[in-house]
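Below is one structure, written out as structure tokens, with a few remarks after it.
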Amino acid sequence: MKRMLPAAAAAVVLGSLTLATAQPGAAPSPAAAKAFAKGNCNLCHAVPGIDVATKDESCTGCHIWIRDTSRDPAKRETAMQYFPLWERYEKNVASYLEVPSLSAAMARLEPAWIESYLADPHDVRPGLPEGMPRFGLDAADRAAIAQAFATHTATVDKTPKPTKKNLDKGKAKLVTSGCTACHGFGAAVPASPGIAMAPDLAHVRARMSPDMTVAWIMDPRKIAPSSTMMSFGVSLDDAVAIRDYLFLADPEWTDPPPPTADPQPTKDPVTWAQVEERVFGKICAHCHMDPSLPANQGRRGPGNAGGFGFPETGIHLQSPEGIRPHAEKIGPALLRRRQEAQRDTVQRGQQPKSLTRPEKPGMPLGLPPLPDEDISLVLGWIEQGMPE
Ligand code: HEC
Ligand code: HEC
Ligand code: HEC
Ligand code: HEC
């Protein structure tokens, strides 16, 4: 069972492995560097002042590499020779192909918001199915990271206080300036389909200062050259009116519907091949690797060796033998994720719900819950004694 990419073969296909290089930017304090390392932030983000993770480790790096290789006919042909399951990879790899720029986030977002977000992340980009994982960081780690953000905050001009007088003008300018092509604002969802990386602007008042919001609307690339939003030449007057609308208008959000009744184990016979193909090999394996598989080269992934600040679990999910000792934990972990979805994976127009989080995060961590049909399949397979 060689589901994961053999690193050596991957190196041959790519030519060479990317060497870790430090991201430009002021080096974080030792406490922040420790917290970034504990949270494995560089597996997904480019963190200023911290080494980039290699393609073999990086969730975004390897996923992007798979997508780009599949778009290049010559490289794709070579890849298909090395990886018998290449077409399955191409079909399945969809998450973490793009993540927000941390330097753009550091330049504009309020450090206090970062601190609470790291403690209890929620969906800010409803068009993006995947989210940020929860972390096993403590308050000191979160404070150190927020402090690192504070040292990168851009300096901006003072602006008038938000006023309700501007609501009508701001609402109109948001549309006529083209913003709603990409962004939603609460119940006002973007002209279809919007772009996944554009946040729901109803979160701005919690995330950014009034002055920063005006400066960002006028020229985001001036605040952060790495911003994925470009400048649309909005005047100061119009930017202030839009900001006032974003800060003071009622987003008219709806609540996400509460989860339906828990799915039950299927009574149909289920094989390992089915649950491997749809769940364990496809989604869970990347964080819960079996180090004894030659292709994994001793790697175990954050869900097995410990990662994102969580301790080692010793759980690999790449074979029935790996799963059996932990079988009773699997169903509850999948069902917890259905509860968390009300906060972590909302639909456009919905406000992330405040939840009392279960002590342990639901699985798959950071990703949408499995469809009920697949949960039934896994529960059925476990109930049937986990046949090969
Ligand atoms: C597994 C991938 C992954 C890891 C690891 C990860 N993040 Fe994220 N992060 C994301 C994704 C995806 C989003 C966007 C979520 C959304 O907007 O709903 C995000 C969003 C953010 C944001 C908000 C930025 C914005 O523009 O909205 C911050 C800040 C952030 N991450 C910081 C961190 C820090 C600090 C760490 C380490 C403690 C970390 N991330 C680890 C995937 C990751
Ligand atoms: C060395 C390359 C590599 C690395 C590193 C890697 N992945 Fe993957 N990932 C893959 C491949 C290949 C697949 C498709 C597997 C399959 O379907 O058999 C995949 C699939 C996935 C999937 C299911 C499909 C999707 O995109 O939603 C998730 C979730 C996932 N990976 C998460 C992660 C996370 C989180 C990390 C970082 C901790 C990570 N991966 C690191 C290669 C990689
Ligand atoms: C082509 C798509 C697109 C258009 C059009 C667009 N934006 Fe953005 N906007 C983005 C993206 C993507 C981000 C996230 C930037 C990043 O993470 O680097 C963003 C970020 C923002 C933010 C920060 C929000 C937050 O919560 O972090 C504000 C405010 C904003 N945009 C306002 C506007 C306004 C006002 C307009 C119209 C003048 C506009 N945008 C037009 C794509 C767009
Ligand atoms: C993005 C990485 C990631 C993905 C994907 C992931 N896990 Fe995990 N998993 C973790 C981490 C990290 C922990 C440790 C959490 C803790 O200590 O509470 C964990 C813990 C667990 C646990 C132990 C929970 C307990 O009660 O102690 C189970 C069971 C589990 N995962 C099952 C799964 C299943 C099943 C999937 C696929 C549907 C999956 N995981 C996908 C990272 C991941």
Side-chain angles (χ1 to χ4, degrees), residues 3-5 7 10 40 43-44 53-63 65-66 83 85-86 88-97 100-101 103-105 108-109 124-125 129-130 133-134 136 173-174 177-183 190 194-201 203-204 206-208 212-213 216-218 220 224 226-230 232-234 238-239 242-243 246 277 279-288 299 301-304 306-313 315 317 323 326-334 336-337 359-361 363-367 370 374 378:
R3 292 304 192 196
M4 303 297 283
L5 288 179
N40 297 125
L43 288 186
C44 293
T54 63
K55 177 176 66 62
D56 269 0
E57 300 289 342
S58 162
C59 318
T60 40
C62 186
H63 284 199
W65 173 76
I66 290 170
F83 311 116
L85 297 171
W86 187 261
R88 165 171 157 156
Y89 299 166
E90 285 177 345
K91 182 160 69 75
N92 286 346
V93 171
S95 305
Y96 303 119
L97 288 167
S101 155
S103 35
R108 78 178 184 283
L109 301 179
V124 234
R125 295 177 172 80
E130 65 273 30
R134 275 172 70 188
K173 289 289 173 192
L174 193 68
S177 311
C179 322
T180 51
C182 296
H183 290 285
I195 68 161
M197 287 314 284
D200 180 339
L201 293 179
H203 294 292
V204 167
R207 278 157 58 90
M208 291 163 70
M212 178 64 73
T213 307
W216 178 273
I217 293 171
M218 290 176 71
S226 67
S227 159
T228 38
M229 175 174 153
M230 55 196 162
F232 296 97
V234 181
D238 289 355
I242 293 175
R243 186 271 320 261
L246 300 182
E277 173 90 23
V279 179
F280 294 114
K282 177 180 165 186
I283 299 169
C284 317
H286 294 266
C287 291
H288 293 273
R299 284 176 297 153
N304 180 350
F308 306 137
F310 292 107
E312 175 179 6
T313 68
I315 303 179
L317 299 172
I323 294 169
H326 310 284
E328 83 286 356
K329 292 183 179 162
I330 301 225
L334 297 177
R336 286 199 296 274
R337 193 70 193 135
E359 194 200 325
K360 291 206 168 272
M363 293 291 142
L365 187 69
L367 294 153
L370 298 182
D374 289 355
V378 169

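Note that ligands are numbered from 1 as they come in the structure, with each ligand's atoms numbered from 1 the same way. If you read the sequence from its start, that first residue is 1, and numbering goes on from there. Here the structure is a predicted model, which means the values were calculated and not measured.
Our summary of the site lists the angle at atom 8 (Fe) of ligand 4 between NE2 of H288 and SD of M363 as 180°, to the nearest 10 degrees.
Judged by the shortest distance from any of its heavy atoms, K173 lies outside the 4.0 Å radius around the atoms of ligand 3. Using a 4.0 Å cutoff on heavy atoms, K55 counts as a contact of ligand 2. Under the 4.0 angstrom criterion for non-hydrogen atoms, L85 is not in contact with ligand 2. Not a single heavy atom of A181 sits less than 4.0 Å from an atom of ligand 3. Heavy atoms of P361 approach ligand 4 to within less than 4.0 angstrom. Contact between R243 and ligand 3 is absent, with no heavy atom of the residue lying under 4.0 Å from the ligand.
Counting heavy atoms only, H286 comes closest to atom 9 (N) of ligand 2 of the residues K282, H286, E277, E130. Checking M197, M218, M212, H183 against atom 7 (N) of ligand 3, the nearest heavy atom belongs to H183. With P311, A327, C44, G303 as candidates, the residue nearest to atom 42 (C) of ligand 4 on a non-hydrogen basis is G303. Selection from G301, C59, A94 by nearest heavy atom to atom 26 (O) of ligand 2 gives A94.
If you look at P199 next to ligand 3, the close heavy atoms, those under 4.0 Å, all belong to the side chain. The parts of T228 lying near ligand 3 are both backbone and side chain, judged by heavy-atom distances below 4.0 Å. The proximity of R207 to ligand 3, defined as any non-hydrogen pair under 4.0 Å, is limited to the side chain.
Protein heavy atom in closest approach to atom 35 (C) of ligand 3: C179 SG, 3.5 Å. Scanning the protein for heavy atoms near atom 22 (C) of ligand 3, the closest one is W216 NE1, 3.1 Å.
The atoms of ligand 2 that sit less than 4.0 Å from any heavy atom of V93 are 11 (C), 13 (C), 14 (C), 19 (C), 26 (O).
Of the N or O atoms in R88, one or more lie within a sub-3.5 Å distance of an N or O in ligand 2.
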